Every structure is written in structure tokens, then in C-alpha cells.
Amino acid sequence: MRIVLVGPPGAGKGTQAALLAKNLSIPHISTGDLFRANISQGTELGRKAKSYMDAGNLVPDEVTIEMAKDRMEQQDAAGGFLLDGFPRNVPQAEALDDMLKAESMKLDAVLDLEIPEEEVVERIAGRRICRNDSAHVFHVVNKPPKRDGVCDVCGGELYQRDDDSEGTVRKRLEVYHQKTEPIIDYYRRQDLVVTISASGPVEEVTARAMQALGVS
Ligand code: AMP
């Protein structure tokens with residue numbers, strides 16, 4: 001399957017993407033994770049992306065589209081993929097359509113995660129992520145790790161993303177409404193959108209998503 005996951009920051013895209021990709025045996029491709037890996041490896045791409053990310057803005061399309069395309073062209077993505085955080089605006093959605101068309105491929109679904117705005121800031125402000133694996137996500141109140149600052153799954157160090165501060169989250173939300181939400185209409189016109197509520201326990205949201213995708 002070829003799936004795009006959309007939703008505001010804090011909707012749990014990364015968590016759900018990792019679980020769904022595992023259930024469906026397809027790679028989870030997160031442009032945010034790819035940028036963060038480039039930043040921690042000190043690459044030129046990471047250097048270019050960092051200032052945009054820290055300000056809560058989108059990284060320019062020419063950089064992002066090229067990076068996403070390279071990743072989608074890798075062997076493990078030949079049979080399908082789950083995109084998390086890409087596309088994030090209409091030009092990226094058009095570029096993705098062109099890429100797929102060139103390979104005679106199509107998207108199967110666009111899963112839209114809905115969450116009330118007031119939950120977003122609270123979810124993100126308390127979020128702590130494992131340095132070893134961004135799918136290991138905790139929350140200081142809702143899902144505290146057994147030991148402060150230590151991942152329950154692998155013992156890795158938990159940290160707060162640089163762009164998870166309250167001011168940056170508000171900017172990211174504004175960017176989401178302005179730039180990313182229009183892709184939902186774009187995909188509605190292709191009859192690809194399935195919307196589910198992202199509120200509630202992680203397992204319930206995953207079950208809802210699997211059902212909405214017709215794979216449960
Ligand atoms: P995420 O991990 O998906 O929340 O992404 C974190 C940040 O990476 C975003 O706030 C953007 O600055 C940047 N980013 C991730 N994906 C994209 C994309 N498709 N286009 C532009 N910027 C992106």
C-alpha cells in the first residue's frame with residue numbers, strides 16, 4: 001500500500017506511522033526524521049534545514065522533494081510506503097503525484113488524523129522522544145517513562161525536540177493551517193481521504209486507522 005498520513009503537529013503522526021507501517025510491513029518514511037538524522041550527522045542538508053525547523057517553518061520544497069524522492073526510490077519502498085510529514089503543501093503533493101505517475105503508481109489512501117487544537121499544545125509540550133528511535137515516544141504526564149529521562153523500550157536517552165517549545169508549536173500549527181491543510185482538499189478531489197479521530201489511547205487510534213484503511 002502507498003499511504004500518506006496528515007494531521008497537525010501533536011496528532012501522533014510519528015507514533016501511528018511507526019505502528020501502521022509495522023502492521024502493514026511497509027517502510028515508514030518521515031521527512032522530519034530524515035532532516036533530524038541529517039542534523040545530527042552534521043550534513044550540508046541538515047545545516048540547510050535546521051534554521052527553518054527551529055523557527056517552525058517548512059524547509060524549502062527543492063530540498064525536501066529531492067530528499068523524499070531519494071528515499072522513496074530505495075529498494076525497500078518499491079512495494080509500498082507510509083509517508084509521514086510529506087507532502088506538506090500543494091506543490092509537494094503535485095510533485096509526489098508526478099513521481100508516482102512516472103512509475104505508473106498511485107496512492108491508496110490519505111489518512112487524516114483529527115485532533116482538537118487545545119490538545120495539541122499540551123501533547124507536544126510534554127512529549128519526550130528517544131534518541132535511538134523516534135517511534136519510542138513518551139509524555140511527562142500521559143505516558144511517563146519508568147525512569148526519568150530513560151526510554152522504557154531500549155534504555156536510550158529521552159529528549160525534547162528543539163521545535164517542541166510552545167512558541168514554535170504555535171508557529172507550526174499556523175503553518176499547518178495555511179500550507180498543509182489545503183492538501184486535504186487536493187486529495188479529497190482524488191477521493192483518497194479517510195479522516196479519523198486521533199484522540200484517545202494509542203492502540204485505539206491504531207485500530208481505528210486500520211479499520212478506516214480497510215486492513216483490520
Ligand atoms: P515533523 O517531524 O514531521 O513534525 O517535522 C519537523 C519539521 O521538519 C517541520 O516543522 C519542518 O520544519 C520540517 N519538515 C518536515 N517535513 C517537511 C516537509 N515535507 N516540507 C517542509 N518541511 C518539512
Side-chain angles (χ1 to χ4, degrees), residues 2-21 27-41 43 45-72 77 81-100 107 110-113 115 117 119-121 123-131 133-139 159-184 186-187 198:
R2 293 183 183 83
I3 302 168
V4 167
L5 203 57
V6 285
K13 284 195 302 298
T15 304
Q16 292 303 328
L19 291 166
L20 291 170
H28 164 204
I29 300 181
S30 155
T31 40
D33 282 353
L34 292 172
F35 283 132
R36 281 184 288 277
N38 273 278
I39 291 172
S40 59
Q41 288 156 19
T43 68
L45 177 68
R47 199 189 53 72
K48 272 191 198 151
K50 187 165 180 6
S51 58
Y52 296 97
M53 292 173 75
D54 285 349
N57 285 318
L58 295 185
V59 178
D61 286 346
E62 57 276 18
V63 178
T64 307
I65 291 169
E66 195 57 34
M67 180 183 74
K69 188 166 185 279
D70 279 355
R71 178 63 190 88
M72 278 185 271
F81 47 70
L82 194 156
L83 294 177
D84 159 15
F86 181 87
R88 235 179 173 101
N89 59 22
V90 171
Q92 291 182 13
E94 287 169 348
L96 175 62
D97 270 352
D98 290 345
M99 273 180 240
L100 292 171
L107 289 175
V110 174
L111 185 65
D112 167 32
L113 297 183
I115 182 168
E117 190 122 341
E119 266 185 55
V120 164
V121 176
R123 274 196 188 198
I124 294 193
R127 176 157 77 175
R128 299 293 180 271
I129 298 170
C130 176
R131 288 229 184 256
D133 188 337
S134 65
H136 303 164
V137 184
F138 297 83
H139 188 281
Y159 76 109
Q160 183 173 33
R161 273 172 45 174
D162 288 347
D163 58 351
D164 274 357
S165 65
E166 190 171 333
T168 311
V169 170
R170 294 202 185 280
K171 175 68 188 170
R172 284 162 61 202
L173 265 171
E174 188 190 312
V175 169
Y176 178 77
H177 291 312
Q178 247 182 31
K179 306 259 171 72
T180 309
E181 258 176 4
I183 73 171
I184 299 176
Y186 175 90
Y187 285 128

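Computed from a prediction, not measured in an experiment: that's the story for all the values here. Start at 1 and go down the list; that is how both ligands and their atoms are numbered.
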Trainee: Check each heavy atom of Asp163 against ligand 1 and say whether those closer than 4.0 Å belong to the side chain, the backbone, both or neither.
Mentor: side chain

Trainee: Just distances here: any N/O of Asp84 and N/O of ligand 1 closer than 3.5 Å?
Mentor: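 The answer is no, given that Asp84 and ligand 1 share no N or O pair closer than 3.5 Å.
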
Trainee: Of Leu58, Asn57, Thr180, Asp163, which is the lone residue that meets side chain to side chain contact (heavy atoms under 4.5 Å, CB included) with Arg172?
Mentor: Asp163

Trainee: Is there a donor-acceptor pair closer than 3.5 Å between any side-chain N or O of Lys179 and the backbone N or O of Asn89?
Mentor: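 The answer is no, because no donor-acceptor pair under 3.5 Å joins these two groups.
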
Trainee: Please work out which of Val175, Asn57, Asn89 has its closest non-hydrogen atom nearest to atom 11 (C) of ligand 1.
Mentor: Asn57

Trainee: Check whether any N or O atom of Gly56, backbone or side chain, sits under 3.5 Å from an N or O atom of ligand 1, and answer yes or no.
Mentor: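 No, since none of the N or O atoms of Gly56 sits under 3.5 Å from an N or O of ligand 1.
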
Trainee: Check whether more than 12 heavy atoms from other residues, nucleotides or ligands sit under 6.0 Å from atom OH of Tyr52, and answer yes or no.
Mentor: no

Trainee: Among all protein heavy atoms in this structure, tell me which lies nearest to atom 9 (C) of ligand 1, with the distance rounded to 0.1 Å.
Mentor: Arg88 NH2, 3.8 Å

Trainee: Which one of Ile124, Val175, Thr168, Ile115 satisfies the side chain to side chain contact (heavy atoms under 4.5 Å, CB included) criterion with Pro9?
Mentor: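 The residue from Ile124, Val175, Thr168, Ile115 that satisfies side chain to side chain contact (heavy atoms under 4.5 Å, CB included) with Pro9 turns out to be Ile124.
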
Trainee: Identify the protein heavy atom lying closest to atom 7 (C) of ligand 1, giving its residue, its atom name and the separation to 0.1 Å.
Mentor: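 For this ligand atom, the closest protein heavy atom is Met53 CE, 3.8 Å.
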
Trainee: Can you tell me the protein heavy atom closest to atom 16 (N) of ligand 1 and the distance?
Mentor: Thr31 OG1, 2.8 Å

Trainee: Within the distance-only criterion (no hydrogens, no angle test), does the side chain of Thr31 pair as donor or acceptor with the backbone N or O of Gly85 below 3.5 angstrom?
Mentor: yes

Trainee: Of the protein's non-hydrogen atoms, which lies at the shortest distance from atom 20 (N) of ligand 1, and what is that distance?
Mentor: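 Its nearest protein heavy-atom neighbour is Gln92 NE2, 2.9 Å.
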
Trainee: Among protein heavy atoms, which lies nearest atom 2 (O) of ligand 1, and at what distance?
Mentor: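 Answer for atom 2 (O) of ligand 1: Arg36 NH2, 2.8 Å.
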
Trainee: Against Asp84, only a single residue in His28, Gln16, Lys13 fulfils side chain to side chain donor-acceptor pair (under 3.5 Å); can you say which?
Mentor: His28

Trainee: So between Ile65, Val59, Ile39, whose heavy atom ends up nearest atom 21 (C) of ligand 1?
Mentor: Val59

Trainee: Test your reading of the model: is there a side-chain donor-acceptor pair from Arg71 to the backbone of Ala68, 3.5 Å cut-off?
Mentor: no

Trainee: Hey, is Lys13 one of the residues with a heavy atom under 4.0 angstrom from ligand 1?
Mentor: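 Not so, Lys13 does not reach ligand 1.
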
Trainee: Counting from 1, what ligand 1 atoms have a heavy atom of Gly85 closer than 4.0 Å?
Mentor: 16 (N), 17 (C), 18 (C), 19 (N)

Trainee: Quick one: look at Arg161 and ligand 1, take heavy-atom pairs under 4.0 Å, and tell me if it's side chain, backbone, both or neither.
Mentor: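 Only the side chain of Arg161 comes within reach of ligand 1.
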
Trainee: Please list the nearest protein heavy atom to atom 23 (C) of ligand 1 with its residue and the distance rounded to 0.1 Å.
Mentor: Phe35 CE1, 3.7 Å

Trainee: Looking only at protein heavy atoms, identify the closest one to atom 18 (C) of ligand 1 and say how far it is in Å.
Mentor: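 Looking only at protein heavy atoms, the one closest to atom 18 (C) of ligand 1 is Thr64 CG2, 3.4 Å.
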
Trainee: Applying a heavy-atom cut-off of 4.0 Å, say which part of Leu58 lies close to ligand 1: side chain, backbone, both or neither.
Mentor: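 Both of them.
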
Trainee: So does Gly126 get a backbone contact from the side chain of Gln160, meaning a donor-acceptor N/O pair under 3.5 Å?
Mentor: no

Trainee: Under the side-chain hydrogen bond (donor to acceptor under 3.5 Å, both in side chains) test, which residues partner Arg128, sequence neighbours left out?
Mentor: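 Once residues adjacent in sequence are excluded, Arg128 has no partner under the side-chain hydrogen bond (donor to acceptor under 3.5 Å, both in side chains) criterion.
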
Trainee: Under a 4.0 Å threshold between the charged nitrogen and the carboxylate oxygen, would Glu174 count as salt-bridged to Arg170?
Mentor: no

